[in-house]
Structure formats: structure tokens, C-alpha cells
Amino acid sequence: MIHNKSFQEFEKAQSRIPGGVNSPVRAFKSVGIPPILIDHAKGSHIFDIDGNEYIDYVSTWGPAILGHAREEIVEAIKKAAEKGTSFGAPTVMETEMAQLIIDMMPAVEMVRMVNSGTEATMSAIRLARAFTGRDKILKFEGNYHGHADSFLIQAGSGAMTLGVPNSPGVTKATASETLTAPYNNLQVVEALFETYPDQIAAIIVEPVAANMGLVLPKSGFLEGLKKITQKYQALLIFDEVITGFRLGAGGAQEYYNIQPDLTTMGKIIGGGLPVGAYGGRKDIMEMLAPIGPVYQAGTLSGNPLAMAAGYTALKMLKEHPEIYTQMEEKAVMLAEGIRKNINETGIATQVTQVGSLITLFFNTNTEISSFAEAAQSNTEMYAEYFKASLESGIYLAPSQFECAFISDAHTQEDIEITLSANKKALENLSVKN
Ligand code: HOZ
């Protein structure tokens with residue numbers, strides 16, 4: 001494939017935008033080639049500015065759950081835009097959106113819209129601190145909750161990919177209020193609560209960790225977190241920015257049947273436009289200004305275009321539960337096909353999958369349940385695999401520590417093409433290694 005235009009444009013971008021990108025993972029740094037620049041996308045396919053076409057498994061990191069440029073969503077945005085793009089004042093659609101989220105997410109009684117997942121998580125911990133009167137939060141190694149200071153401690157996603165899990169610029173004082181534990185390790189969580197019994201405001205967790213590659217919660221882990229937070233009167237926050245409306249219409253809280261006190265949302269909730277939200281128990285949410293003292297605001301919060309796109313996407317997902325069954329079937333077909341290819345080529349890899357999320361880890365551990373185990377992955381092999389896949393027209397996450405996202409638009413044919421590209425890439429790797 002020829003990528004000349006992409007490479008030229010990326011050269012230009014680098015002298016104008018730090019690293020040439022507006023979000024670090026996009027720079028392809030960990031896979032050793034310059035990024036391809038995107039021209040457009042439709043359904044499950046994405047097209048670069050050199051005219052190459054790929055089957056897309058990044059799916060804009062989740063939001064394209066109904067496929068790119070889905071007609072119903074594009075129409076809703078156009079219709080909303082004709083009426084004005086921002087008012088900085090309440091609209092009826094915001095209440096309808098709130099009601100839809102409340103109907104879909106079991107643990108959400110009230111919800112506040114913001115503009116990104118980062119805004120949702122940073123606001124949720126401020127609220128948790130105010131509600132409990134405590135300062136510390138507990139997060140898990142390799143979980144990613146956006147880029148607010150309190151979360152850039154042992155963080156996953158781009159921070160893990162670039163080897164900067166603890167970012168400079170976060171003050172020692174802020175870092176000291178964030179406690180960390182290994183994912184899936186209840187003993188460490190319990191021990192931290194024994195040390196700080198009345199200082200931890202909340203545990204924030206990705207109920208399925210999807211920013212260190214896909215790492216599933218062990219049976220009893222999420223239930224254990226719920227029990228510990230109840231015992232110590234701390235709050236449990238599920239960061240459902242990735243799992244919300246993806247593991248099912250009711251997110252991970254419905255999938256695993258656990259009620260967190262607060263939930264943070266993003267990605268799918270905007271139907272491809274920049275939206276985040278946080279919600280949960282009414283008694284906690286009512287502490288927010290203007291009825292309570294906890295301040296949080298935003299001119300573009302509840303933006304009419306974003307509400308129109310997000311509402312349309314969520315309504316389609318609510319009304320068509322078969323979408324989830326079909327996405328899962330495709331994900332299982334892909335995961336099983338990759339496992340078969342692995343057996344035939346003898347490469348040391350692990351495939352994790354839940355719902356429509358998948359990661360192929362180049363990793364010799366037989367089980368990957370923590371940051372430490374995920375971090376042992378062979379990132380050079382992943383880079384080779386990524387480049388071979390790209391050449392075969394498969395667009396994967398440019399990092400070992402992210403997921404592949406299946407959408408409603410992926411077809412059986414897409415999966416078959418992906419599996420034969422996967423086989424070819426694994427065969428080449430097995431010859432080299
Ligand atoms: N943090 C995102 C992946 N988990 C990447 C966002 C982006 O680069 O668009």
C-alpha cells in the first residue's frame with residue numbers, strides 16, 4: 001500500500017501540533033511507522049487520504065458502534081444543526097437524553113452531561129469527595145480514566161503505551177491522594193482500606209479493563225469492591241466510558257449485575273460527537289450546583305448537536321437488543337478464528353474477548369488479569385503484526401494496550417477477510433521468530 005500523502009501531511013502536522021496529533025496513541029509511535037491520515041469512513045470501513053481502504057477495528061475507540069456515518073445519526077445531526085449549533089441554555093432534548101440514560105443504565109437515577117470521558121471522571125471524583133468528606137481515591141494499575149491529574153498514576157492507554165504511566169506535571173500532593181492496587185486483587189484493596197479506613201472517598205474502576213488491552217474482571221472481583229465500599233462507607237464508581245452501552249444496553253453494571261454508586265460515561269453516548277456524562281444515586285447527584293455546593297459547568301455541556309447524535313444512537317441500541325447478540329456472535333467468530341490460527345502457527349499469544357471487545361496479546365502468560373501481566377507483552381511482535389495487518393487492509397489499534405471494537409456494521413465477510421489476514425500475519429511472525 002502507498003501512504004505518501006499521509007506521510008507528507010504528517011510531516012507538516014508535526015511542526016504545528018505536538019507530535020503531529022491531538023491525542024498521543026494516534027501517532028503510531030509504538031508501532032514504528034508514521035500514522036495514516038483519514039479522509040472518511042462508512043460502515044465498518046475507513047479510507048485514508050491516499051485512497052486506501054481498511055476494515056476498521058478502532059471504531060473511533062468505541063463510538064462507531066452502529067458503524068461510521070450511520071444514516072440515522074447523520075440525519076439527526078443535520079436536523080439539529082439547522083436549528084442552531086449551541087445555545088448555552090436548556091433544551092427539551094437534554095431531558096429526553098437524561099431519561100433515556102436513566103432507563104438504560106440500572107444504577108443511574110440522575111445524570112449530568114459533560115463533553116468528554118475525562119470531564120466525567122474528574123467531576124465524579126470531586127462529587128465523591130464532597131459527598132463523603134474524604135480526600136483519597138483508589139484506582140487500579142493499568143485502568144485509564146482520562147487525563148485529569150488524579151488519574152495519571154499507573155495509568156493505562158496512551159500513558160502505558162508511551163511508558164509514562166505517571167505523568168510529570170502532576171503534583172506530589174495530588175498523586176498522594178490517589179492510591180493504586182493491582183486489578184483483580186481484592187486483598188490489596190482491603191489492606192488499603194484497613195490502612196486508611198476513613199480517608200478513601202471512592203474506588204474508581206473500569207468494570208472491564210479495556211485500556212491495557214482487554215483484561216476481564218475475575219469472578220467475584222466487582223462484587224468484592226461493592227462489599228468493601230459498603231463496609232467502609234466509600235463510594236463505588238464504575239468508569240463505563242468504554243463498557244457503557246457496549247457490553248449491553250445497560251453497560252457492565254447490567255452485564256455483571258452490580259450497582260455502582262456513580263457511573264461515568266462517554267464514547268457511544270455521543271454517537272460520534274464529543275460527549276461524556278456522569279450519573280448515579282439521586283442523593284449524591286443532588287449535591288451538584290445549582291442545588292448543591294459542588295461546582296461543575298460547561299458552555300457546551302448538553303450541546304444540541306451532541307444530544308441529537310447521542311440520543312439517536314442510544315435509542316437505536318435500546319430498541320434493537322439483537323444488535324448486541326449479533327456483535328457478540330461476530331466477536332466470538334473472530335476470537336475463535338484467531339485462536340485456531342494461533343494453534344496452527346504456534347505463536348505465544350492470548351486472545352481475550354467479552355461482548356464486542358477483543359484483544360490479541362503477544363504474551364506468554366496463560367492468563368492476563370493485571371497490569372503487570374499485560375505489560376509483559378511483546379510489543380515488538382505486536383508492532384510487526386500491526387504493520388502486516390495494515391498492509392492487508394485491516395486497521396487495528398496502533399498499540400498492544402488497546403482493544404479491537406466490533407460494530408453493528410461489521411459483516412461476516414469482514415470477519416473472514418480479517419481472519420485470513422490474521423493467519424498470514426501470524427505465519428510470517430512464526431517464520432521470523
Ligand atoms: N484514549 C483513547 C484510547 N483508549 C485514545 C483516544 C484517541 O486517540 O482518539
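In this text the structure is predicted, and so the values were computed from the model without any measurement. Every number for a ligand or one of its atoms is a count from 1 in the order of the listing. Because only heavy atoms are used, hydrogens play no part in the values below, and waters and symmetry mates are left out as well, while side chains stay in.
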Student: Check whether more than 12 heavy atoms from other residues, nucleotides or ligands sit under 6.0 Å from atom NZ of K83, and answer yes or no.
Tutor: no

Student: Under 30°, 30 to 60°, or over 60°: which ring-plane class applies to W61 and F405, parallel, tilted or perpendicular?
Tutor: perpendicular

Student: Does atom CZ (F87) have a neighbourhood of more than 12 heavy atoms from anything else shown, all under 6.0 Å?
Tutor: yes

Student: Taking all heavy atoms of Y183 and all of E141, pick out the closest pair and write down the distance.
Tutor: CB-O, 4.3 Å

Student: Using a 3.5 Å cut-off on N/O to N/O, what pairs does ligand 1 make with the protein? A line per pair would be great.
Tutor:
residue	atom	partner	partner atom	Å
ligand 1	1 (N)	S157	OG	3.3
ligand 1	4 (N)	S157	OG	3.1
ligand 1	4 (N)	N211	OD1	2.8
ligand 1	4 (N)	E402	OE1	2.9
ligand 1	8 (O)	S23	OG	2.9
ligand 1	8 (O)	R26	NE	3.0
ligand 1	9 (O)	R26	NE	3.1
ligand 1	9 (O)	R26	NH2	2.8
ligand 1	9 (O)	W61	NE1	3.1

Student: Can you establish whether the number of heavy atoms outside E319 located under 6.0 Å from its atom CD is more than 12?
Tutor: yes

Student: Does any non-hydrogen side-chain atom of I101 lie less than 4.5 Å from one of M113?
Tutor: yes

